[in-house]
Amino acid sequence: MKLPAFDYACPATLAEAVALLASRDEAKALAGGQSLVPMMAFRVASPSLLVDLRKLSELRQITIDTSCVRLGAMVRWRDIEDDARLVVAHPLLKAAVSHVAHYQVRNRGTVGGSIAHADPAAEMPGIAVTCDAEIAVVGAAGSRIIRADDFFIAPLVTALAADEIVVEVRLPTWPAQRRWGFREFSRRRGDFAMAAAAVFYDVDAAGQAHNAHIGAIGVGDRPVRLTAAEAEVNGNIVDATISERAGAAASAAVDPQSDIHASSAYRKSLIGTMVERALQDASAVKAA
Ligand SMILES: Cc1cc2nc3c(=O)[nH]c(=O)nc-3n(C[C@H](O)[C@H](O)[C@H](O)COP(=O)(O)OP(=O)(O)OC[C@H]3O[C@@H](n4cnc5c(N)ncnc54)[C@H](O)[C@@H]3O)c2cc1C
């Protein structure tokens, strides 16, 4: 299908990109085009100016330091897949990204594009919320940091202002002994999640879990933490009974809508199973 007419700019600096975005109400950033171009083809979006970010090489870096893993906005899924450091530095991220789409899309789709697009069934926003990520953005008024939990508002709606660019997603550092699991159910490999669970917790010397984080993807209008399920985990040794209880708490905590893919009741049941299985995987993960 033919795209609507638009102007195109390919700035060489971030400052220039911000100025271009601020220059018109209907300007939009272009990353890999994996969501924006289909939306334009279907006339869901008709930006008058596309500001292509592909020359901004500073947004393509994955940096790992003592405080966090920094994912530049133009880092592609393939870059995460290919980065062997992340096996230790953020195994949960790596596992989640392996479920994103198909090879061709993973070759172009980006971290910043997924975060800004804010599909509630997408893996990266779910990982950002589960892991208490910070999202660094820059706009005409300057730069700011937005907590992932404050960033996602509704499907395709975020806290990002029209002239702001996502620069970086910061995931807090990952202790070596951390237990984690990621489970997703979709109709076919590479489809968006019908429901997915991202979980991690730390264990003390007695084997009891603390700092449990349990995130749900695809069962609401944005990714969410499931605090009732986390409460079932904290203070306990995670075994089959605790995993089952946490799964039941997860099911009870969500109220997904029915759609053409699944009924609300099915998704509610599914997220419980995903949380239970992810916790069982976590309890079986050997320390790195
Ligand atoms: C067939 C198919 C299957 C897919 N399956 C999955 C899946 O299973 N899981 C999943 O998570 N995703 C999936 N995707 C989405 C894909 O992973 C892309 O990451 C996502 O579409 C974002 O695309 P993009 O990075 O190319 O951004 P674009 O399409 O270029 O942009 C998307 C939106 O973000 C804005 N934007 C882009 N970059 C920035 C930035 N740095 N700052 C501010 N705004 C920005 C754009 O203006 C636009 O509104 C699928 C896509 C396709 C086509």
Side-chain angles (χ1 to χ4, degrees), residues 1 31-45 71 75-82 86 90-131 148 152 154-158 169 180-199 214-226 247 250-251 254-281:
M1 203 185 272
Q34 296 304 293
S35 291
L36 186 53
V37 171
M39 285 175 77
M40 289 172 69
F42 287 113
R43 303 299 192 268
V44 178
L71 304 171
V75 165
R76 301 166 306 162
W77 309 126
R78 183 187 166 182
D79 301 323
I80 293 173
E81 269 181 313
D82 288 350
L86 292 171
H90 217 295
L92 179 62
L93 169 72
K94 224 166 160 54
V97 165
S98 74
H99 289 266
V100 175
H102 312 280
Y103 182 78
Q104 291 86 343
V105 175
R106 289 207 296 271
N107 230 5
R108 296 196 66 90
T110 66
V111 168
S114 178
I115 290 281
H117 187 59
D119 189 314
E123 287 82 0
M124 188 67 225
I127 291 297
V129 168
T130 305
C131 297
F152 302 103
L156 315 193
V157 181
T158 70
V169 176
W180 63 273
F182 185 86
R183 284 286 185 138
E184 172 168 326
F185 191 85
S186 54
R187 290 176 80 94
R188 295 166 305 190
R189 176 92 195 154
D191 281 4
F192 277 98
M194 242 182 226
V199 313
I214 300 182
I217 297 166
V219 289
D221 59 2
R222 61 193 201 102
V224 285
R225 289 262 302 273
L226 301 172
S251 275
V254 300
D255 186 19
Q257 288 193 341
S258 298
D259 62 20
I260 53 164
H261 302 296
S263 67
S264 172
Y266 182 72
R267 276 206 168 90
K268 259 174 104 66
S269 167
L270 197 55
I271 192 63
T273 304
M274 294 298 102
V275 166
E276 183 180 344
R277 290 184 183 170
L279 282 169
Q280 284 170 356
D281 293 345

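Heavy-atom basis, side chains included; hydrogens, waters and symmetry copies ignored.
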Check whether any side-chain heavy atom of I214 lies under 4.5 Å from a side-chain heavy atom of L279, and answer yes or no. yes
Of the non-hydrogen atoms in G215 and T130, which two are nearest, and what is the gap between them? CA-OG1, 3.3 Å
Closest non-hydrogen atoms of D191 and H102, given as atom of the first, atom of the second and distance, are OD1-NE2, 4.4 Å
Within the structure provided, determine whether F182 and S98 are in side-chain contact (heavy-atom separation under 4.5 Å). no
Side chains of L71 and M124: closer than 4.5 Å at any heavy-atom pair? yes
Side-chain touch R78/Y103, heavy atoms, less than 4.5 angstrom: yes
When you measure from the side chain of D259 to the backbone of A262, do you find a donor-acceptor pair of N or O atoms at a distance under 3.5 Å? yes
Sub-3.5 Å donor-acceptor pair from the side chain of R76 to the main-chain atoms of N107, do we have one? yes
Please report the C-alpha distance between M39 and L156 in whole Å, then the side-chain angles of each, then the deciding distance to 0.1 Å, and finally whether the side-chain contact (heavy atoms from CB on, under 4.5 Å) criterion is met. CA-CA 12 Å; M39 285 175 77; L156 315 193; 4.1 Å; yes
With side-chain contact (heavy atoms from CB on, under 4.5 Å) as the test, would you mind laying out the steps for E123 and L93 before giving the verdict? CA-CA 9 Å; E123 287 82 0; L93 169 72; over 6 Å; no
Test side chain to side chain contact (heavy atoms under 4.5 Å, CB included), reference V75, set V169, T110, V111, output is V111
State, with a plain yes or no, whether a side-chain heavy atom of F152 is found less than 4.5 Å away from one of I115. yes
Contact summary for A193 and S186, nearest pair of heavy atoms: CA-CB, 4.2 Å
Main-chain N/O of M194 paired with R267 side-chain donor or acceptor, under 3.5 Å: yes
Over all heavy atoms of both residues, which pair between W77 and V105 is shortest? Give the atoms and the distance, please. CD1-O, 4.1 Å
All heavy atoms of A196 vs all of I271, minimum pair found to be O-CD1, 3.3 Å
To the closest 0.5 Å, what do you measure between CG (L86) and CD1 (I80)? 7.0 Å
Over all atoms of both residues, closest heavy-atom pair of A122 and I217: O-CG2, 3.6 Å
Does S258 reach the main-chain N or O of S264 with its side chain, forming a donor-acceptor pair under 3.5 Å? yes
Roughly how far, to the nearest 0.5 Å, is CZ of R106 from CD of Q34? 12.0 Å
Is the closest side-chain heavy-atom distance between P125 and P120 below 4.5 Å? no
I need the H99 NE2 to F185 CZ distance, nearest 0.5 Å. 12.5 Å
Would you say K268's side chain and D255's backbone share a donor-acceptor pair under 3.5 angstrom? no
